[in-house]
Amino acid sequence: MRARRRLLVANWKMSRTPSAAAALARALVAIPRPAQLDLAIAPSFPALDRVGAALAGTGITLAAQDVYVEKEGAFTGEVSASMLKDAGVALVLVGHSERRLFRGEREPDFARKMERLVEQGLAPVYCVGETRAERDAGRTADVLRSQLAALDGFSAPPSGLILAYEPVWAIGTGLPATPAMAAEVHARLRAELAARFGTGVAGSTRILYGGSVSPVSAPGLFAEEEVDGGLVGNASLVASDVAALLAAAAAPTTGAARA
Ligand code: 13P
């Protein structure tokens, strides 16, 4: 029996129109899903309504890719947590490396986003991960610790908090972290959570791996006790790949957690 329910989050990024997203959602709904697994889909904002309609009553969670730092007001083009809640969203990505890289967002922004989500009872999927240069320089642990500083203002974890370890060098490259690398970093993140919020929180918080999760890489990654599922980009756009990932996530782990 696993300590935590496994979760796959499909991050469709900026890759499907609302009608194409709705069709893909219907295809994913049709895949038989093991009862012990959770699945969430994060389409683009304009597709939330139609994907949400396709997911209604299926038990699949509607997720969003981002949220704005402010509650409401004159912020043209932005989307608030209350809007997401009203649209039926339950999970929201925060801190994705593409927001860090292309939008220059940093930990203080992510802290504010998570505060907005907490106000609305929405759960954050907080994404962390090092670049290739940072890993090569031996700085992975420091980088992850500084990214977790987005949680500094929280005396208790944001309700429903999920972490996602997404090494930047593995995203969209076809070169995932090895299962051992992922397990090592997840264990480190769990230790950081324990130091902040206690071992109970650390033991129950799901930590997903993301970065070139595919039908080829998933069985090894998901065999790790420390890997509670995946945050998946490219493969989540192909229904047969999602079916393979769900099967991999439902398989038993290889045994004891690594030391
Ligand atoms: P890929 O699965 O395409 O590597 O993307 C990972 C990711 O960034 C998910 O958020």
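Whatever order the structure lists them in is the order used to number ligands and atoms, beginning at 1. Predicted model only: the values in this text are computed from it and were never measured.
- For the residue pair Glu130/Trp169, the side-chain donor-acceptor check at 3.5 Å is satisfied.
- Side-chain polar atoms of His96 and Glu166 form a donor-acceptor pair below 3.5 angstrom.
- Distances below 4.0 Å separate heavy atoms of Gly211 from the following atoms of ligand 1: 4 (O), 6 (C).
- Looking only at heavy atoms of the protein, atom 7 (C) of ligand 1 is closest to Glu166 OE2, 3.1 Å.
- Here the heavy atom of the protein found nearest to atom 5 (O) of ligand 1 is Lys13 NZ, 3.3 Å.
- Cluster annotation: Leu161 and Phe154 are assigned to the same hydrophobic cluster (Ile/Leu/Val/Met/Phe/Trp/Tyr, side-chain heavy-atom contacts under 4.5 Å, transitive).
- Heavy-atom separations between Gly172 and ligand 1 include at least one value shorter than 4.0 Å.
- Summarising the geometry, atom CG belonging to Leu84 is positioned 13.0 Å from atom CZ belonging to Arg116; distances are rounded to the nearest 0.5 Å.
- Distances below 4.0 Å separate heavy atoms of Ser212 from the following atoms of ligand 1: 1 (P), 2 (O), 4 (O).
- With distances taken over non-hydrogen atoms, the option nearest atom 1 (P) of ligand 1 out of Ser236, Ala235, Ser15, Gly233 is Gly233.
- With rounding to the nearest 0.5 angstrom, the NZ atom of Lys85 is 11.0 Å from the CG atom of Leu117.
- Each of the atoms 7 (C), 8 (O), 9 (C), 10 (O) of ligand 1 lies under 4.0 Å from some heavy atom of His96.
- Listed by number with element, the atoms of ligand 1 under 4.0 Å from a non-hydrogen atom of Asn11 are 9 (C), 10 (O).
- Ranking the protein heavy atoms by distance from atom 3 (O) of ligand 1 puts Asn234 N, 2.9 Å first.
- No side-chain donor-acceptor contact under 3.5 Å links Glu226 and Tyr165.
- Only one option out of Arg5, Arg6, Arg206, Arg190 pairs with Asp228 in a salt bridge (Lys or Arg N to Asp or Glu O under 4.0 Å); it is Arg190.
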